[in-house]
Structures are given as structure tokens and as C-alpha cells.
Amino acid sequence: MIRHLMLSQKYVKALLDGRKRSTIRPGVLKVADRVYIHSMGKIVAIAEVEQVAYKRVSELTDEDAIIDGFNSRAELISYLKRRYPGLRDSAIVTIVKFRKVEKVDMPEDAHYGGMTPVEIATLALNRLKLSPREQRILKAVEEVLEAVWDKIRLFSMRQEEIRQGDNQGICRN
């Protein structure tokens, strides 16, 4: 059951102001009634799911496109095929429509059982029976996320140093 969705940074504003009221993903996905929307290394929104529908790419309409924040069916399909290379017109997609979207600013690890995405990827690599392809993908995700989390930690430490300096009346440039 899908409880977490990743969203490109460029679509977050449209989601939060109501211009984007759905997301379309390849495959037949089972989606929870409430999902956490991730972007830019944090949870940016919590959305209540109104409806989950399944269609073939060829069956998508202008209405589907507009609800998803695009101007037309052609624009939507062009985006989907760039985003998901190899997506065919006959492929089934899941359309997740949102009822209510609440803006939040939470660290990602707050809703992964206290684990970071890196720890989850590592755990999956060590404990699950995965195909060679899944192993390659998770290893790549693990390496990229590890680098991102290192940068986030360094940034957080630097911010804390700055705050402590400010509290002591020290000005740093």
C-alpha cells in the first residue's frame, strides 16, 4: 500500500494552491486513504485521497491532464513519457485524486519509523530477496541518498553553529 509519494519541486506550489489535484503514476498501485508528499528532502504535504482510478495511457483525457496541473492531454502524455521512459500508450497508470492537501514542513524520517531513507534502502538490500535489477536500483538509491543526507547533516550542523554564534553575540561572515 502506497503511503508516500515523491513530487518534483516544480509541482509543489501547484499542489499546495490547488491547481494540481492529482498525480498519475505508471502501474496499478494500491494507495492509502492518506499519503505523505515528499519533495526537496522533506515531507511538504499530507493529502487525503479522494479517488484512485486506473486507465491506459491512451485513455487519458484533457480533464485528467487539467486536474493533474497540465494544460492538455498532449502536454500530460509528453511529460509522462519523458518522466517514465518506455511508457507505452497501452500501459496502465494509476490516477490518484486528492480531496484535501495540507501543507507541512517535516523531516522525511519522521514517518519512516524513525529511519532515514538510506537506512531503509540498506535494510532492504540486506534482508529482502531482490532481483539483480532491484539490487542495482536500491544500491544506486542508497549511494545517492547517503550523499544527500551527509550534505543535509553538514548544513544542519553549520546552521546550529551560526545560531550558537548569534546567541553568544558573535557575528560570522
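Side-chain contact between Val52 and Val49 is present, with at least one heavy-atom pair separated by less than 4.5 Å. Side chains of Thr23 and Leu5 form a contact here, defined as non-hydrogen atoms less than 4.5 Å apart. You'll find the side chain of Lys42 reaches within 4.5 Å of the side chain of Asp105, heavy atoms only. Side chains of Glu48 and Asp33 form no contact here, defined as non-hydrogen atoms less than 4.5 Å apart. No side-chain heavy atom of Arg73 sits less than 4.5 Å from a side-chain heavy atom of Thr61. Residues Leu7 and His38 have side chains not in contact (no heavy-atom distance under 4.5 Å, counting atoms from C-beta outward).
Between Arg99 and Glu50 no salt bridge is recorded (no basic side-chain N to carboxylate O distance below 4.0 Å). Using a cutoff of 4.0 Å between basic side-chain nitrogens and carboxylate oxygens, Lys55 and Asp64 are scored as salt-bridged.
Interatomic distance, CG of Leu16 versus CD1 of Ile37, reported as 9.5 Å (0.5 Å rounding). To the nearest 0.5 Å, atom OG of residue Ser22 and atom CD1 of residue Ile66 are 11.0 Å apart. Interatomic distance, Thr122 OG1 to Glu142 CD, rounded to the nearest 0.5 Å: 3.5 Å. Separation of atoms OH (Tyr36) and CD1 (Ile43) is listed at 7.0 Å; rounding is to 0.5 Å. Atoms CE and CD, from Met40 and Gln9 in turn, are 5.0 Å apart once rounded to the nearest 0.5 Å. With rounding to the nearest 0.5 angstrom, the CG atom of Asp68 is 12.5 Å from the CZ atom of Arg19.
When the side chains of ILVMFWY residues are joined at heavy-atom separations under 4.5 Å, either directly or via intervening members, Tyr54 and Val93 end up in a single hydrophobic cluster. Linking Ile, Leu, Val, Met, Phe, Trp and Tyr whenever their side-chain heavy atoms come within less than 4.5 Å puts Leu60 and Ile92 in one cluster. Under a hydrophobic clustering in which Ile, Leu, Val, Met, Phe, Trp and Tyr are joined whenever their side-chain heavy atoms come within less than 4.5 Å, directly or via other members, Met106 and Leu15 fall into different clusters. Hydrophobic clustering places Val44 together with Phe98 (ILVMFWY residues linked when any side-chain heavy atoms are closer than 4.5 Å, directly or through intermediates).
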Evaluate side chain to side chain contact (heavy atoms under 4.5 Å, CB included) for Val35 paired with His4, printing each intermediate quantity in order. CA-CA 5 Å; Val35 294; His4 299 266; over 6 Å; no

Please test Arg34 against Ile46 for side chain to side chain contact (heavy atoms under 4.5 Å, CB included), starting from the C-alpha separation and ending with a verdict. CA-CA 7 Å; Arg34 181 175 152 136; Ile46 299 172; 3.5 Å; yes

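Among residue pairs with one or both ends in residues 83-98, those qualifying as salt bridge (Lys or Arg N to Asp or Glu O under 4.0 Å) are Lys81-Asp89; sequence neighbours excluded.
Of the residues Val96, Ile95, Ile77, the one that meets the side-chain contact (heavy atoms from CB on, under 4.5 Å) test with Ile24 is Ile95.
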